[in-house]
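Below is one structure; the comments refer to it alone.
Below, read A as the first sequence line, B as the second, and so on, with proteins coming before strands; counting in each chain starts at 1. Predicted model, so just to flag it, every value in this text is computed and none were measured.
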Amino acid sequence: EDQVTQSPEALRLQEGESSSLNCSYTVSGLRGLFWYRQDPGKGPEFLFTLYSAGEEKEKERLKATLTKKESFLHITAPKPEDSATYLCAARMDSNYQLIWGAGTKLIIKP
Amino acid sequence: DGGITQSPKYLFRKEGQNVTLSCEQNLNHDAMYWYRQDPGQGLRLIYYSQIVNDFQKGDIAEGYSVSREKKESFPLTVTSAQKNPTAFYLCASSIRFGQGAGGAYNEQFFGPGTRLTVL
């Protein structure tokens with residue numbers, strides 16, 4: 001069964017404490033791995049698309065990487081404004097649909 | 001500014017009542033989607049449309065209906081047949097699957113959401 005699993009469910013960090021969020025996937029013929037940020041009560045905001053294993057993309061304090069089984073969202077020296085839920089989703093070879101993970105809630109304490 | 005708008009932001013439904021959620025986009029996207037988000041779960045696809053006057057059921061279409069009469073608009077009706085409609089509803093749009101430089105990898109862009117509560 002095609003599935004996307006995110007871990008941990010929640011992560012509390014001190015400001016400046018770097019860490020990584022994990023998105024593991026078991027989908028046939030990956031055609032894109034997507035990362036989004038979602039603030040409470042708002043719609044998800046697009047961050048990155050990764051297409052193939054070994055690819056990396058960066059935006060400010062965030063860097064997304066992709067292997068054949070999982071993707072990581074690395075956050076370097078986070079600030080309180082980075083607090084949000086981070087969602088990942090995978091698109092399969094032959095399907096319009098995205099398969100979504102349940103998200104990781106990131107809390108950065110000042 | 002280009003974007004996706006959803007209205008209302010909050011909606012309350014009585015038992016046995018149908019309600020309609022609005023979604024409008026001015027991004028000139030062909031494809032539009034409706035998702036439901038519940039706490040602790042991933043987004044679940046209700047309906048999607050790749051082109052005007054055509055739409056397909058997603059994973060949880062029962063109790064919902066849609067129309068796509070205009071490229072810009074994709075309203076969702078939550079009918080009385082939906083037994084547990086309390087959730088956060090998200091509308092999204094994208095370039096049609098296979099179009100553009102992104103091809104099959106086109107990103108979806110989301111509206112601000114509508115929170116529906118059953119009284």
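Here CD of B:Q108 is found 10.5 Å from OG1 of A:T49. Values are rounded to the nearest 0.5 Å. Summarising the geometry, atom OH belonging to B:Y35 is positioned 4.5 Å from atom CG belonging to A:L98; distances are rounded to the nearest 0.5 Å. Here the straight-line distance linking atom CZ of B:F110 with atom NZ of A:K42 works out to 16.0 Å at 0.5 Å rounding.
Residue B:E62 places its CD atom among 12 or fewer non-hydrogen atoms of other residues, nucleotides or ligands, all under 6.0 Å distant. When the shell of 6.0 Å around CZ of A:R61 is examined, it contains more than 12 heavy atoms from other residues, nucleotides or ligands. The 12-atom threshold is exceeded at CD of B:Q17, counting heavy atoms of other residues, nucleotides or ligands nearer than 6.0 Å. Atom CD of B:E15 is surrounded by 12 or fewer heavy atoms from other residues, nucleotides or ligands within 6.0 Å. Heavy atoms of other residues, nucleotides or ligands lying less than 6.0 angstrom from CD of B:E69 number 12 at most.
Proximity to chain B is absent for every atom of A:E45, based on heavy atoms less than 4.5 angstrom apart. Only the side chain of B:L90 comes within contact range of chain A, with heavy atoms under 4.5 Å apart.
For the pair B:Q56/A:Q97, no side-chain contact is recorded, criterion being any heavy-atom separation below 4.5 Å from C-beta on.
Follow the hydrophobic side-chain contacts under 4.5 Å out from B:V118 and you never reach B:V78; the two are in separate clusters. A:I75 and A:L11 fall within the same hydrophobic cluster, defined by Ile, Leu, Val, Met, Phe, Trp and Tyr side-chain heavy atoms under 4.5 Å apart, directly or through other members. By the rule that hydrophobic residues join a cluster once side-chain heavy atoms approach within less than 4.5 Å of another member, B:F109 and B:Y48 end up as members of one cluster. Placement of B:L76 and B:L45 in two distinct hydrophobic clusters is found when ILVMFWY residues are connected by side-chain heavy-atom separations under 4.5 Å, directly or transitively.
A:S52 is linked by a side chain to side chain donor-acceptor pair (under 3.5 Å) to nothing, counting only residues two or more places apart in sequence or in another chain.
Within residues 102-110 of chain A, the residues having any heavy atom closer than 4.5 Å to a heavy atom of chain B are A:A102, listed by residue number.
Of all the listed residues (B:R44, B:Q37, B:R115, B:Q6), the one sharing the greatest number of non-hydrogen pairs under 4.5 Å with chain A is B:Q37.
When all heavy atoms are compared, the tightest approach of B:E107 to A:Y36 is C-OH, 4.2 Å.
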